[in-house]
Amino acid sequence: MTDIHNDKILILDFGSQYTQLIARRIREIGVYCEIWAWDHDPEAIRAMGPRGIILSGGPGSVTEADSPRVSPIVFDLGIPLLGICYGMQAMAVQLGGEVEAGHEREFGHASVRLTAACQLLDAPSPPRPSPAGEGESWMAAAQQPHLQGLPVAAHPLLDVWMSHGDQVTQLPAGFVGVANTDSVPLVAMADEAHHWYGLQFHPEVTHTHDGVEILRRFVLEICACKALWTSRHIIKDLSQRISEKVGGDKVLLGLSGGVDSSVVAALLEHAIGEQLVCVFVDNGLLRQGESEQVMETMARNLGARVIRVAAAQRFYTALRGVVDPEQKRKIIGRIFVEVFEEQSRQLEGVRWLAQGTIYPDVIESAGAKTGKAQVIKSHHNVGGLPERMQLQLLEPLRELFKDEVRRIGESLGLPHAMVYRHPFPGPGLGVRILGEVKPEYAELLRHADAIYIEELRAHDLYDKVSQAFAVFLPVRSVGVMGDGRAYEWVIALRAVETVDFMTARCSHLPYPFLDKVASRIINEIKGISRVVYDISGKPPATIEWE
């Protein structure tokens, strides 16, 4: 069996908001990578055996005495290095160069001029014809498997994204400057003898038009990694690991009908077949018609056994009087596990509880593997489990991003409509009802959300936004219904566009569309007097309101 983890890249995180994007880009290229904290155990770095190391950006300044530093082991390994922004500055300082603050600051778009040849940025000699065709962007060309290099002669300027105040003012021994801008004389450096490179700009963000090709060049050519991180190989690897881990035990899966749990169900069915038992808990916090839809979809697309448990009143009772979002998530998570364990005691041989936890869940709950990020919110999958849980936890998707999960789902035969449904949080409407959760609030929200989604589909907008939903606000607003005064509840609509769900911007939905949705909600739902639209981005807001 091919070991898809053999050729891997290590990303050392210095606290950049873009670190997760670096990982996604590397995996999209087809190479496995992991993110570790900048101060991770040096011997663990050696033992990992990466083909190359990427040093991320970060909010610190290397000019400060207590700023993060690169472990000496990184330079001793003799493997290719790529420092991005802060990572470049840290490399420069620790290898004998100089970095200064207080110079021209660059934030946003910039044009980088290539001033010398280097393997990371330079075109081959002679350059190969571009299969993308003249006039197409390097980003499009980078998708072509036979294209090698950036056509520097034809395009001497790189359109990139900058975010820095400090800058390298003196190169370390062995390095040469290979690029500048009109305001900064050194924005890229290279030591070809060691295959060490530094970029002041961010190749991982979409604003850097040629970033994919730059990262591809580093990972596949300079580090000589094989592109083995594909859906087919991932499924084969995960299936073997699942089979080896659970042996002959039965696995209980908490099935929500969302993308992640549905893909886990398909993966477990593929790996262990009849050892899988799915439990679908109707907690009273689902979207309109979802309970019936989940049972029908699972029966049609999976042969797994599905047990349905009606537990709405149990959840509502436990949530009575609770307004804190963290407490609500933990209560919902605890009751889910209690229900699963009760079901497991009725089934012989169940030793494992499977969940659809994915990488962004882990990152937001506990700072991922770096341990440096602040906890934004706990997810019921990773933050609401009781300490004395009797079942062992199985989370096969824990290290995958949402787009990877979706590709795996389609490869396993799940229908496109299921795999590309908008995400729905594990706690369901419990975190879309702000404040205390009550059955009557859930019913109002269910109806409003259904109208919103129905109109998105009718206007061919559903697949053009990454996630859309309604939120119940526990405030009353004065309105006029007919000739009378109304004093009723407020609904907020949310729609975002994102690639990785780590960052997002609000969707610019047409005003006539929003007007129609608001009109339908207010006119068709007794108890709603006002509809508002959330235009916050992430950051600073999160996608969900709680």
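From a predicted model like this one, the values you see are computed outputs, not experimental measurements.
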Asker: Does a donor on one side chain and an acceptor on the other come within less than 3.5 Å for Glu497 and Gln467?
Answerer: no
Asker: Checking the side chain of Ser411 only, and the main-chain atoms of Arg407 only, is there a donor and an acceptor separated by less than 3.5 Å?
Answerer: yes
Asker: May I ask you to say whether Asp324 pairs ionically with Lys328, meaning some side-chain N is under 4.0 Å from a carboxylate O?
Answerer: no
Asker: Roughly how far, to the nearest 0.5 Å, is the CG atom of Asp7 from the SG atom of Cys33?
Answerer: 13.0 Å
Asker: Between Ser262 and Gly258, is there a donor-acceptor pair closer than 3.5 Å when you use the side chain of the first and the backbone of the second?
Answerer: yes
Asker: Under a 3.5 Å threshold, yes or no: a donor from one side chain and an acceptor from the other, between Gln346 and Glu342?
Answerer: no
Asker: Within a reach of under 6.0 Å around CD of Glu440, are more than 12 heavy atoms found that belong to other residues, nucleotides or ligands?
Answerer: yes
Asker: Could you measure the distance from the CZ atom of Phe340 to the CD1 atom of Ile307? Nearest 0.5 Å is fine.
Answerer: 11.0 Å
Asker: Is the side chain of Glu436 donor-acceptor paired with the backbone N or O of Gly321 at a distance under 3.5 Å, no angle test?
Answerer: yes
Asker: Walk me through whether Glu455 and Lys516 qualify under salt bridge (charged side-chain N to carboxylate O under 4.0 Å, His left out).
Answerer: CA-CA 8 Å; Glu455 290 296 335; Lys516 181 173 183 179; 3.7 Å; yes
Asker: Report, as yes or no, whether the 6.0 Å neighbourhood of atom CD on Glu348 holds more than 12 heavy atoms from other residues, nucleotides or ligands.
Answerer: no
Asker: Can you confirm whether Arg505 is buried at CZ, in the sense that more than 12 heavy atoms of other residues, nucleotides or ligands lie under 6.0 Å from that atom?
Answerer: yes
Asker: I'd like to know if the side chain of Thr542 and the backbone of Glu544 have a donor-acceptor N/O pair within less than 3.5 Å.
Answerer: yes
Asker: Heavy-atom distance under 4.5 Å between the side chains of Arg308 and Met295, does that happen here?
Answerer: yes
Asker: Do Tyr316 and Lys438 make a side-chain contact, defined as non-hydrogen atoms from C-beta onward lying under 4.5 Å apart?
Answerer: no
Asker: Ring of Trp489, cation from Arg476 - is the NZ or CZ under 6.0 Å from the centre and inside 45° of the axis?
Answerer: yes
Asker: So which atom in Pro539 and which in Gln17 form the shortest heavy-atom distance, rounded to 0.1 Å?
Answerer: CG-OE1, 4.4 Å
Asker: Between Lys8 and Glu34, is there a side-chain N and carboxylate O pair less than 4.0 Å apart?
Answerer: no
Asker: Would Asp463 and Arg457 satisfy salt bridge (charged side-chain N to carboxylate O under 4.0 Å, His left out), going step by step from the backbone distance to the final call?
Answerer: CA-CA 8 Å; Asp463 291 325; Arg457 292 189 185 279; 5.4 Å; no
Asker: Identify the heavy atoms of Val350 and Leu391 that sit nearest to each other, and give their distance.
Answerer: O-CD2, 3.9 Å
Asker: Hey, does Ile433 have a side-chain heavy atom less than 4.5 Å from the side chain of Leu473?
Answerer: no
Asker: Do Leu394 and Leu353 make a side-chain contact, defined as non-hydrogen atoms from C-beta onward lying under 4.5 Å apart?
Answerer: no
Asker: Can you confirm whether the side chains of Asp41 and Trp36 place a donor and an acceptor under 3.5 Å from each other?
Answerer: no
Asker: Give me the atom names and distance for the closest heavy-atom approach of Pro50 to Ile45.
Answerer: CD-O, 3.6 Å
Asker: Between Tyr18 and Trp161, is the side-chain hydrogen bond (donor to acceptor under 3.5 Å, both in side chains) condition met? List the steps.
Answerer: CA-CA 12 Å; Tyr18 301 133; Trp161 183 260; 3.2 Å; yes
Asker: Restricting to non-hydrogen atoms, name the atom on Leu215 and the atom on Glu204 that form the minimum distance, rounded to 0.1 Å.
Answerer: CD1-CA, 4.1 Å
Asker: Where the side chain of Asp449 meets the backbone of Ala470, is there a donor-acceptor pair that is under 3.5 Å apart?
Answerer: yes
Asker: Donor-acceptor pairs are to be reported for all side-chain atoms of residues 415-431 against protein atoms at under 3.5 Å, with residues two or more places apart or in another chain.
Answerer:
unit_1	atom_1	unit_2	atom_2	d
His416	ND1	Glu410	OE2	3.1
Arg421	NH1	Gly257	O	3.2
Arg421	NH1	Glu290	OE2	3.4
Arg421	NH2	Glu290	OE2	2.9
His422	ND1	Ala468	N	3.1
His422	NE2	Tyr462	O	2.9
His422	NE2	Val465	O	3.2

Asker: Any ring pair (Phe, Tyr, Trp, His ring centres under 6.0 Å) involving residues 505-526? Give me the pairs, sequence neighbours left out, ordered by first then second residue.
Answerer: His459-Phe513
Asker: Hey, does Leu393 have a side-chain heavy atom less than 4.5 Å from the side chain of Gln355?
Answerer: yes
Asker: Quick one: which of Asp13, Ile35, Leu21, Ile84 gives a side-chain contact (heavy atoms from CB on, under 4.5 Å) with Ser56?
Answerer: Asp13
Asker: Can you name the nearest heavy-atom pair linking Ser231 to Ile408, along with the distance?
Answerer: OG-N, 4.1 Å
Asker: For Ile535, look at atom CD1 and say whether over 12 heavy atoms of other residues, nucleotides or ligands are found less than 6.0 Å away.
Answerer: no
Asker: Quick one about Trp229 and Glu404 (side-chain donor to acceptor, distance below 3.5 Å, no hydrogens or angles considered), yes or no?
Answerer: yes
Asker: Is a donor from one side chain sitting under 3.5 angstrom from an acceptor on the other, for Glu488 and Ser529?
Answerer: no
Asker: Return yes if some donor-acceptor pair links the side-chain N/O of His233 with the main-chain N/O of Ile4 below 3.5 Å, else return no.
Answerer: no
Asker: Are Ser536 and Arg494 side-chain neighbours, meaning at least one heavy-atom pair lies under 4.5 Å?
Answerer: yes
Asker: Mark yes or no: Arg27 above the aromatic ring of Phe401, with NZ or CZ under 6.0 Å from the six-membered ring centre and no more than 45 degrees from the axis.
Answerer: no
Asker: Quick one, Arg446 and Leu285 - any side-chain contact, counting heavy atoms below 4.5 Å?
Answerer: no
Asker: Would you call Glu244 and Arg241 a salt bridge, using N to O less than 4.0 angstrom?
Answerer: no
Asker: Show the nearest heavy-atom pair for residues Cys85 and Gly57, with the distance to one decimal.
Answerer: CB-CA, 4.1 Å
Asker: Taking Thr317 for the side chain and Arg314 for the main chain, is one N or O donor matched with an acceptor at less than 3.5 Å?
Answerer: no
Asker: Within the 4.5 Å heavy-atom criterion, are Arg329 and Glu326 side-chain neighbours or not?
Answerer: yes
